[in-house]
Amino acid sequence: MRRASAIAFVAVLQAVAPASGATQSAFEPMGPASAELFRLIWLFTALSAVIWLGVIAVLITTLVRRDGARADPLALDPSAERRATGWVTIATAGTAIVLIGLALLSYFSNRTLAGIGADASLTIRLTGHQWWWEVRYENEQPSKVVTTANEIHIPTGEPVRLVLASTDVIHSFWVPSLAGKLDLIPGHQNVLEFRADKSGVYRGQCAEFCGFQHAHMAIMIIAEPRPEFDAWLEHQLQPAAQPASAEEQAGHDRFMNRPCVMCHKIGGTAAGGTVGPDLTHVSSRTTLAAGTLPMDEPSLAAWITDPQSFKPGAHMPIVDLSGDELSSIAAYLGNLK
Ligand code: CUA
């Protein structure tokens, strides 16, 4: 029993802790959008703290210095009334000035945020699904459109534009190190523009409760220098790798003859489903099932065996496979780099 709870505890830690090396913190801004929000929230917090301390100081002073009981509590003291009116007027004017000041700060921050993507080099369509992210690199030439999942590569130092949409319920995109939060809403498009000033892996999380597996809806942003990004994009455009061994070939054939093809696409093969994530280069990604498992062959096999035990409620069904079928399919998918 103790062992079972220890395993459960480790599983929770693994689920909560960001993947190794990935940054996920609004306190470590790595781009202009998150830096602007960081400044703004500190200003608001500091100013609110000063005002709160002032109010508490006045409250304590009045409690300490209050007058003794008066003979006639209803009798007006004209000079005290005048002083009170003066203080209330000053406090009201001060409140109005502070509120207008904060509204102006918000307004200018919004303008700064809106200006970040003015010359965005890249438009990426991000669609929320229960519970994964569909990522599409738009291009005027349909043959150059890249589709992937749960991971967004971007060139470091260049503004990118994300067009956010959803097919089912409301999700929310939040990569705190890079940008503010914005919802993905069915039937509506939101646009979020940001830039990563430093190469690295930034973890994000769906930030709007979207059902049972909301917590298992992570996303990785991989910012890399332009040449590496171009090479990645070029590679993603290629059809899937050919099976490199007899086992992989068997896995390929089984994948095509099993229900897998109904939901998944593998570029350059007969598999063309669009219900689940595109698997053309599945093994080039760092995680499986939107940050739920690391990406490797054992995880692929475990996931295919019983997706429901890792992500209960996920729309991937359990497909009845023999041990041979399972290991060959995992070997084939493990080769799709
Ligand atoms: Cu998607 Cu929460």
Side-chain angles (χ1 to χ4, degrees), residues 8 11-19 22-27 33-34 37 41 123-138 146-154 160-194 196 201-222 263-265 273-279 282 285-295 299 303 306-318:
V12 167
L13 278 186
Q14 281 170 339
V16 173
T23 318
Q24 181 183 313
S25 171
F27 296 106
S34 49
L37 293 168
I41 192 67
T123 299
I124 302 164
R125 210 183 148 76
L126 186 65
T127 308
H129 296 265
Q130 280 176 321
W131 290 276
W132 59 283
W133 310 85
E134 181 186 338
V135 183
R136 232 173 92 102
Y137 290 75
E138 301 287 17
V146 162
T147 307
T148 177
N150 304 327
E151 212 166 273
I152 302 180
H153 284 242
I154 58 170
V160 295
R161 180 176 295 127
L162 280 192
V163 180
L164 307 174
S166 170
T167 53
D168 37 42
V169 298
I170 299 177
H171 304 270
S172 186
F173 175 85
W174 193 31
V175 181
S177 304
L178 294 179
K181 211 183 272 181
L182 197 60
D183 283 356
L184 294 82
I185 300 170
H188 175 82
Q189 282 189 2
N190 273 334
V191 174
L192 181 71
E193 291 159 334
F194 63 92
V201 181
Y202 304 103
R203 188 184 187 278
Q205 174 65 42
C206 179
E208 175 78 35
F209 182 70
C210 53
F212 201 8
Q213 291 300 327
H214 157 68
H216 279 146
M217 192 167 167
I219 188 163
M220 297 291 172
I221 307 279
I222 295 159
C263 296
H264 294 286
K265 182 181 172 181
T274 54
V275 177
D278 187 305
L279 301 182
V282 61
R285 308 202 273 260
T286 54
T287 72
L288 184 59
T292 309
L293 293 169
M295 180 62 75
S299 297
W303 171 252
D306 187 6
Q308 298 300 320
S309 77
F310 295 100
K311 216 165 163 175
H315 296 311
M316 174 145 160
I318 297 176

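Start at 1 with the first residue, then count along the sequence. Each ligand, and each atom within it, is numbered from 1 in the order the structure gives.
The nearest N/O/S atom of E208 to atom 2 (Cu) of ligand 1 is O. Nearest N/O/S atom of H171 with respect to atom 1 (Cu) of ligand 1 is recorded as ND1.
By the 30° and 60° cut-offs, the orientation of the rings of W303 relative to F310 is tilted.
Aromatic ring centres of H171 and W131 lie farther apart than the 6.0 Å criterion allows.
Among the atoms of H214, no N, O or S atom falls under 2.8 Å of atom 1 (Cu) of ligand 1. In summary, S172 places no N/O/S atom under 2.8 Å from atom 1 (Cu) of ligand 1, failing the contact criterion.
Rounding to the nearest 0.5 angstrom, the gap separating the CG atom in N190 from the OG atom in S166 is 11.0 Å.
Q213 places a side-chain N or O within donor-acceptor distance of the main-chain N or O of P312, the cut-off being under 3.5 Å.
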